[in-house]
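Everything on this sheet refers to the single structure shown next.
Chain letters run A, B, ... following the sequence lines, proteins first and then strands; every chain starts at 1.
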Amino acid sequence: MNHTVDMRVRLGSLELRNPVVTASGTFASGREYAGFVELERLGAIVTKGVSLHPWAGNASPRIAETASGMLNSIGLQNPGVEAFCASDLVWLATRDVPVIVNISGHSVAEYVAVAERLEAEAVVSALEVNISCPNVDEGGMAFGTSRSAAAEVTRAVRSATRKPLIVKLTPNVTDITEIARAVEAEGADGVSLINTLLGMAIDTDTFHPKLARAVGGLSGPAVKPVAVRMVWQVASAVSIPVIGMGGIATAEDAVEFMLAGATAVAVGTANFVDPTATMRITEGLEAFCLKRGIGRVAELTGAVRL
Amino acid sequence: MNHTVDMRVRLGSLELRNPVVTASGTFASGREYAGFVELERLGAIVTKGVSLHPWAGNASPRIAETASGMLNSIGLQNPGVEAFCASDLVWLATRDVPVIVNISGHSVAEYVAVAERLEAEAVVSALEVNISCPNVDEGGMAFGTSRSAAAEVTRAVRSATRKPLIVKLTPNVTDITEIARAVEAEGADGVSLINTLLGMAIDTDTFHPKLARAVGGLSGPAVKPVAVRMVWQVASAVSIPVIGMGGIATAEDAVEFMLAGATAVAVGTANFVDPTATMRITEGLEAFCLKRGIGRVAELTGAVRL
Amino acid sequence: MTCGSDGGLERMLLERVTVLGNERVTEGVGLVVLEAPRVARGVRPGQFVHLRIAEGRDFILRRPFSVHRASGERLEILYQVLGVGTRALSLAERGEEMDLIGPLGHGWEMPDTLSHALLVCGGLGSAPMGMLAIELAEKGVAVTVAQGASTAGRLVARELFADVARRHEIATDDGSAGERGFVTALVEPLVAQDRPDIVYVCGPEPMERIVAAQAATAGVPCQVSLERLMGCGIGACLSCVVSTVHGQKRACVDGPVFNAEEVLWASAEIPPKY
Amino acid sequence: MTCGSDGGLERMLLERVTVLGNERVTEGVGLVVLEAPRVARGVRPGQFVHLRIAEGRDFILRRPFSVHRASGERLEILYQVLGVGTRALSLAERGEEMDLIGPLGHGWEMPDTLSHALLVCGGLGSAPMGMLAIELAEKGVAVTVAQGASTAGRLVARELFADVARRHEIATDDGSAGERGFVTALVEPLVAQDRPDIVYVCGPEPMERIVAAQAATAGVPCQVSLERLMGCGIGACLSCVVSTVHGQKRACVDGPVFNAEEVLWASAEIPPKY
Ligand SMILES: Cc1cc2nc3c(=O)[nH]c(=O)nc-3n(C[C@H](O)[C@H](O)[C@H](O)COP(=O)(O)OP(=O)(O)OC[C@H]3O[C@@H](n4cnc5c(N)ncnc54)[C@H](O)[C@@H]3O)c2cc1C
Ligand SMILES: Cc1cc2nc3c(=O)[nH]c(=O)nc-3n(C[C@H](O)[C@H](O)[C@H](O)COP(=O)(O)OP(=O)(O)OC[C@H]3O[C@@H](n4cnc5c(N)ncnc54)[C@H](O)[C@@H]3O)c2cc1C
Ligand SMILES: Cc1cc2nc3c(=O)[nH]c(=O)nc-3n(C[C@H](O)[C@H](O)[C@H](O)COP(=O)(O)O)c2cc1C
Ligand SMILES: Cc1cc2nc3c(=O)[nH]c(=O)nc-3n(C[C@H](O)[C@H](O)[C@H](O)COP(=O)(O)O)c2cc1C
Ligand code: FES
Ligand code: FES
């Protein structure tokens, strides 16, 4: 029986002190959560999506609750990479936690420009390329639903950065392994999945969609079975590490994703319900390993018994 | 203010007394529910999937509960079309309710053979061609994820039957409208959607998948936002009627699907929780229309206000 | 609200029931008493109910439970707390309402010719055996019970069996009551000495399988109660299939009690944990 | 469990609270009293809490509620039953525990120079006005309240306002109390006669917009409390944005109270129903 657990995991050249990271867009850059979470105990902070120019996002209402989940159509509102560096990165530089910046663009050139701007920022540990946001009209998910477009973005950003490169995949595809293999072939150091499932809800009193944009991204416990399945498929199809997410709210959920093949896990929507969720899950994951006599948390990765 | 509601809806040449039908595989052929439901008050009974030869289905366990949903990997267990005609159809002939038979095959030829066998059965009001079952190895969903395969099955079955032909679509695709348009072009009289989302759950005590087959189909309230979105997309893309389903558990859920563009709605997983669900939803739908002064339930179809 | 079923099938009802009591029996095991006039009157030993535990929640499937005892308008259910459903059940308070479908399935067969029966139960396998033991005893059948559990405290329904059984043998894994070891070790001598006309078994499936083989060897008919994850509980969804020599049967309507010799054990696997 | 926030930001806490009471105020409106020692001490008028109502359920987002009154260790929340969350809240019983994050957002600005304030509230808009009216009155500010509702029975917090306001004008849609018509009709004469130094507004957004225009015409500063659907409640998710002349602001941390002149009403649409 072990009395300590080695919680470290590796995402390519990046070592995390534990597998629990934040899901992009649900944790901003961590500042708002600093009163509830010891940020230094996170595996990494994955920031809200950042683009070259400021984006205004979509009209309100932008969220709607659904059975065991929520829809959002924030639409990647962000102040642009320059403002992000001047504010969020400066603040993040004061915290001892790996920072993974989630980047977006309307075109390949915009992705590249953001990556180039971040290249010199030492505080940025890795990039997560979001080719999967269902909430913007141009770009966004379109890159993630086509093998060739996904490959193209990856290739271009790869040549613009020496930082570890993670590509975030959309679940709104017929075969996610095909996209995962394409981005692996272009030099991605890891993939993260899933982004949100495209969904819609209609208010039966007003007959209006509950989101001003009509459709939005579904997240939360409702999507977990789809996410676990895709992590399992992708982890079997590629040899780069997978960051698993989609509905993780408890330590057992995190274990489930790791068993399916995830090296690290991201906590998203659960932060809204419980701002301490990342800490609770990290502690629970360690306790799970201790109880089961698992010395290294990384042993869970892919350990599903078929 | 109206005091009655015209609940009739039309699926091509088939008129239903109301829009509420059963979702294939959740209601068998209705016999088991006859103690709880006045079958004659259903819009139609959509039977469990029937294939040319008997199918054994998958190993147990075959279901697992998830957040606001369930996974199933029944695998289209059925006694084959001959036994189905001899038993279920004979029984159904004694009931005054439209019967829509859900058909499956491992090959185009098998689909055709089932359709041919059913052609002479007067009790069969329509066929629903399942090109979307995620739980069988050959055929099943594979037909539903490729535009050309979907078109081919539809064309072949179309030429084998004069009965109204509904094609049941899978949500596990990048663009469901593309498949819907393809089957419409081949003469489908309607489309039904969604079948289940492919999902997986892993038991964190045993490390085994919760389903013996590892993956299965996700249904129930969890999938409703995805289903409503797809119904909305498909209804906007084709001009044949849409039967909407996926997580319907209340009359408001049924309204939501109709607003999104469904002509009829199917109730599936909810039958397990409440065997009277179809009746409760039909009554609620009528009450909803009465309260809102809607004279014909069909006015709800596509009435979402964008 | 109750509503009756079609003529041809077993009569099953959807009944609104009230919790009359709910108490802890031992660590992780509870006994809930329900006022369920219509189902209680119709139920036979070995049948089960499909219980809707927590209506307030977004979605929870029904959960199947054997009827442990029925008397007058009351049903007793003995349950083990395993997951979300049984945890919610353990919190149900007197006066709460829920609904159930029942009585469901085929219970234990009790041929009129019976004069001596052996009941073998492991762990919560005693749940569907309570009514059986009582009814057999009332009919004048000599009842022998072989009961196994991990430890003395977990011999649920021990008193009930002690009351009605002519003979009550016990085995515990830790030896804290009766023999140390598995209940299966008790069966062979009991079959040999008592020469029962029938063996009834309920418990973990590996244990059931062994007892079924022991009965077969001794040439004694054997009935087993099998568990499967259940969706509908009424025969429609095919989630609960059991492989038998007569093909795939639905545990909910064709079982949960089967003649042991019909069951194809190899493929009849239950979820690993239970 | 409570835990404090980072230095730079407003001090917000995650606090475990206990329901001290929960009563019906009028049809579809309730008042819940919570024991929340830490948050109650820190909260200022117009701030809100983000409440986790039903923990047992699979998933439910927190719901934001203004603090109606705070005294000692108690918080009072006035709520309208609209959907799943508020329905669950209406069923919360004395002794139940829940958790909340608070105090959140920027409350009403109360410049020291104030001598006369007009509070305009429509429907549940009186919720965040309770504490405000009390604190202003305590400071010696003359308080005028213009309160509107559909009917007399729905004039929630009417007694509170009657107690602390120097003047309390009422309008109801059906004329069952005060003037028949909208509360906005009361505002113009009140602004003209009473010459308040500030107008505070809370109610349906179209009403807020009209009052803001009336105040602007009269050259009186005006503060409005805006509602948005909220995910995190603490500034991280951007679900609650309000369009202002200074760009998009988050209602949860930059509001919910805004200077009316900053708000770009045209794009600041709330869900149709509320
Ligand atoms: C006909 C029948 C009669 C039953 N009678 C009783 C009874 O009298 N008393 C009693 O305590 N239990 C009985 N059970 C089992 C009971 O239904 C399950 O324990 C219960 O459904 C678990 O629900 P849960 O939400 O607590 O657990 P879940 O969260 O659903 O599951 C927890 C764990 O238990 C396993 N499990 C759940 N249900 C079953 C099942 N039916 N069979 C095997 N493993 C399962 C799951 O795979 C999981 O690993 C019976 C089952 C059947 C089919
Ligand atoms: C800062 C702030 C303070 C608030 N203070 C109070 C208060 O003191 N008392 C009170 O009763 N309510 C208050 N609200 C509104 C309250 O949060 C909602 O009524 C509540 O969240 C509804 O939850 P539900 O689950 O009952 O309804 P849901 O089922 O979530 O929704 C029911 C209907 O109400 C609408 N709705 C839900 N939340 C809001 C919202 N925030 N704004 C507008 N429409 C909404 C939905 O779109 C839907 O049509 C406040 C909101 C905010 C943002
Ligand atoms: C409000 C919100 C905003 C999000 N913003 C982003 C984003 O900017 N970039 C991105 O890649 N994913 C974004 N996501 C997706 C999440 O990072 C995550 O992939 C998804 O929500 C599934 O995880 P969950 O169920 O744990 O939330 C967002 C999700 C939510 C709910
Ligand atoms: C147990 C089960 C069995 C099913 N069997 C079939 C089937 O045989 N043929 C088919 O087309 N769909 C089948 N389905 C899919 C349903 O008909 C329906 O499309 C899906 O469950 C979504 O609706 P729901 O959320 O209301 O259940 C099955 C679903 C379940 C849960
Ligand atoms: S549980 Fe549905 S057929 Fe047995
Ligand atoms: S509610 Fe999340 S930013 Fe305001």
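At a 4.5 Å heavy-atom cutoff, the contact between B:Phe288 and chain A is made by side-chain atoms alone. Both the backbone and the side chain of B:Leu259 come within contact range of chain A, each with at least one heavy atom under 4.5 Å from a heavy atom of that chain.
The side-chain heavy atoms of B:Pro171 and B:Asn195, taken from C-beta on, include a pair separated by under 4.5 Å.
With respect to the salt-bridge test (charged N to carboxylate O, under 4.0 angstrom), the residues B:Lys210 and B:Glu65 do not qualify.
Between chain B and the residues A:Ala214, A:Gly199, A:Ala64, the largest count of heavy-atom pairs under 4.5 Å involves A:Gly199. Ranked by heavy-atom pairs under 4.5 Å with chain A, the first of B:Val226, B:Asp175, B:Asp253 is B:Val226.
Remark: side-chain polar atoms of B:Asp274 are not paired, donor with acceptor, to backbone N or O of B:Asn271 under 3.5 angstrom.
Nearest heavy-atom pair across B:Arg305 and A:His208 is O-ND1, 3.0 Å.
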